[in-house]
Amino acid sequence: MPQIAAPKGTRDILPDEFAARRWLLDAHAAVAESFGYRGIETPIIESTELFSRGVGTDTDIVEKQMFTFEDRGGRSLTLRPEGTAGTLRAVLGAHLDQELRPVRLHYAGPFFRAERPQAGRQHQFTQVGIECIGEGSPALDAEIIEVAWRFFKALGIDGIHLQVNSLGSPEDRARYRTALVAYYTPLEASLCDDCRRRLHTNPLRLLDCKRDAGLVAAAPILWESLDRPSRDHFTTVLRDLESAGIDAIRNDRLVRGLDYYGHTVFEFWHDILQGAQSSLGGGGRYDGLAELLGFPSTPATGYALGVERILMVARAVGTVPSDPAATDVLVCSVEPGQAEAAAGVARLLRDAGMHSILDVAERRLDRKLRGASRAGARVAVIVGENEVGSDSAVVRDLDGRSQQTVPIAELASTVIRILARDSVAETAIGEDS
RNA sequence: GUGGCCAUAGCUCAGCUGGUUAGAGUGCCAGGUUGUGGCCCUGGAGGUCGCGGGUUCGAAUCCCGCUGGCCACCCCA
């Protein structure tokens, strides 16, 4: 029988990676919460309509990247390809914005897109994100960028490039769209197939095209179509970023792939990912999305970041910490007769807060000790016939290679002392180098 | 979705232009006599050579299809 493998474009998170992810996820939650953002979790399946209406029918995501299926009642459901629409639906549906504005939220979870997989691009991937709902102030655009910025800092990642742009108001964009169409229409015959289609469906996306790069360079500038309030909004964002010490690069051609954005949009990049997908995430203001979903008009801003890609960067620059869940102690019996006593000792150590592995296998003691070091334990506790008889245990310091016999009553404190000494030594070494 | 490259033990790979029971290193398990580790020695387990067809007296090795991975495009996380 053929073995069953994980579906194409999906990946198991094995223990080594699990610890690194938890490190990243915890860091994001901690930074977001330091700004007053609270956690939220929404369904992984949503009505297909949430995305077709919210994200936009002419976007790549809705056109060809969604996993959509029918439930038994004939309703069309979709594995969520992004998190903003669902979060906004949840918040406005529960009227959270009627209690305290803005509503500040952070989240983390799996998302799904049906693009052809390659490194850094999976059918199922993970995003962390925040949404700030109910207020239109440019200060909040800057705030969310600052959250992301501090998050990268918390992970020890330098060299993040931040690109920002303003899409302006709906009226600004209508004006710009007209200008773009006027510019491109005479050139229609020379455009690539995609661009010819975009010209009629979604002219802003023309700026994304790399093949017609020459034409893009000469195209009208978005900024010139923005009215005074829109310019002021963006100028304020730029000023706030500067005073927060965040380096932002203006990119007139940055439009983002989702229809619901307006005013501020931004993306984060890192050069070290060169071959792979180098965008770590992005976001922006989406004041119009609430109405598209049938809710009262509500301003909001947010971002989403790709966990797998950020981990690739963190691994490449070497800032991923070693597994904090590593074992402290391995407790082993010498012969089967001491299994019960050894179990009791392990229990006692766990009660005292230590991570203790119990090894009562019928195996040579030297193998058990070898296993102890390999499991990452820094102390081995040996429970043999002599120890059971004298109500004591042998505590062996695996790094120092020394050992002592102590009464059970003093066991926990003795082990704790050894562990504390080791961790002090480790940090000292870490700080020196 | 389009094009290209790849697929041999848990891991890293060897296997020349098709020829007898497919190898190495490493890892794993066990032993090196009676309760002590990260070294060493010995032994062992582990592969339908991704899957399915075809060519051939004979295929891991050639051809086709499929699946999966990677790369580029596209797009983004």
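This structure is a prediction, so every number in the text was calculated from the model and none was measured. To find a chain, count down the sequence lines: A is the first, B the second, and so on, and within it residues start at 1.
Base engagement by A:E115 is indicated by at least one non-hydrogen atom pair under 4.0 Å involving a base atom. Nucleic acid contact class of A:I310 (heavy atoms, under 4.0 Å, all strands): none. Counting non-hydrogen atoms under 4.0 angstrom, A:R113 reaches a base of the nucleic acid. Among the heavy atoms of the strands lying under 4.0 Å from A:Q65 are primed sugar atoms or P, OP1, OP2 only; no base atom is included. Among the atoms of the strands shown, none is found under 4.0 Å from any heavy atom of A:E82. Among the heavy atoms of the strands lying under 4.0 Å from A:R256 are primed sugar atoms or P, OP1, OP2 only; no base atom is included. Using a 4.0 Å heavy-atom distance criterion, A:G129 is classed as making no nucleic acid contact. A:Q403 comes within contact range of at least one nucleobase, with a heavy-atom separation under 4.0 Å. Base contact: A:E387 has a heavy atom under 4.0 Å from a base atom.
Of the listed nucleotides (B:C29, B:C76, B:G31), B:C76 has the atom at the smallest distance from the side chain of A:S279. When each of B:C70, B:G37, B:C75 is scored by its nearest atom to the side-chain atoms of A:R205, the top-ranked nucleotide is B:C75. The listed nucleotides are B:G37, B:G1, B:C29; the one nearest the side chain of A:R363 is B:C29. Checking B:G27, B:C73, B:G69 against the side-chain heavy atoms of A:K8 singles out B:G69 as nearest.
When the P atom is compared between B:G50 and B:C13, the two are found 15 Å apart, to the nearest whole Å. As rounded to the nearest Å, B:G19 and B:A59 have P atoms that lie 11 Å from one another. For the P atoms, the distance linking B:G4 with B:G58 amounts to 32 Å, nearest Å. Between the C1' atoms of B:C74 and B:U2, the separation comes to 9 Å (whole Å). Rounded to the nearest Å, the gap between the P atom of B:C71 and that of B:G54 is 35 Å. On the P atoms, B:G10 is 12 Å away from B:C49, given to the nearest whole Å. Comparing the same atom, C1', in B:U33 and in B:A22 gives a spacing of 38 Å after rounding to whole Å. Nucleotides B:C62 and B:C5 have their P atoms positioned 14 Å apart, rounded to a whole Å.
Base-pair partner of B:U2: B:A72 (Watson-Crick or G-U wobble, both distances under 3.5 Å). In a base pair of the Watson-Crick type (N1 to N3 plus N6-O4 or O6-N4) or a G-U wobble (N1-O2 and O6-N3), with each distance short of 3.5 Å, B:U36 is matched with no nucleotide.
Centroid-to-centroid, the aromatic rings of A:F152 and A:F268 come within less than 6.0 Å.
Comparing A:E362 and A:E385 by the nucleotide of RNA chain B whose heavy atom lies nearest to each, the residue mapping closer to the 5' end is A:E362.
A salt bridge is defined here as a Lys NZ or Arg NE, NH1 or NH2 lying under 4.0 Å from an Asp or Glu carboxylate O, and A:R121 with A:E308 fails to meet this definition. A salt bridge is absent between A:R38 and A:E33: the closest approach of a Lys/Arg side-chain nitrogen to an acidic carboxylate oxygen does not fall below 4.0 angstrom.
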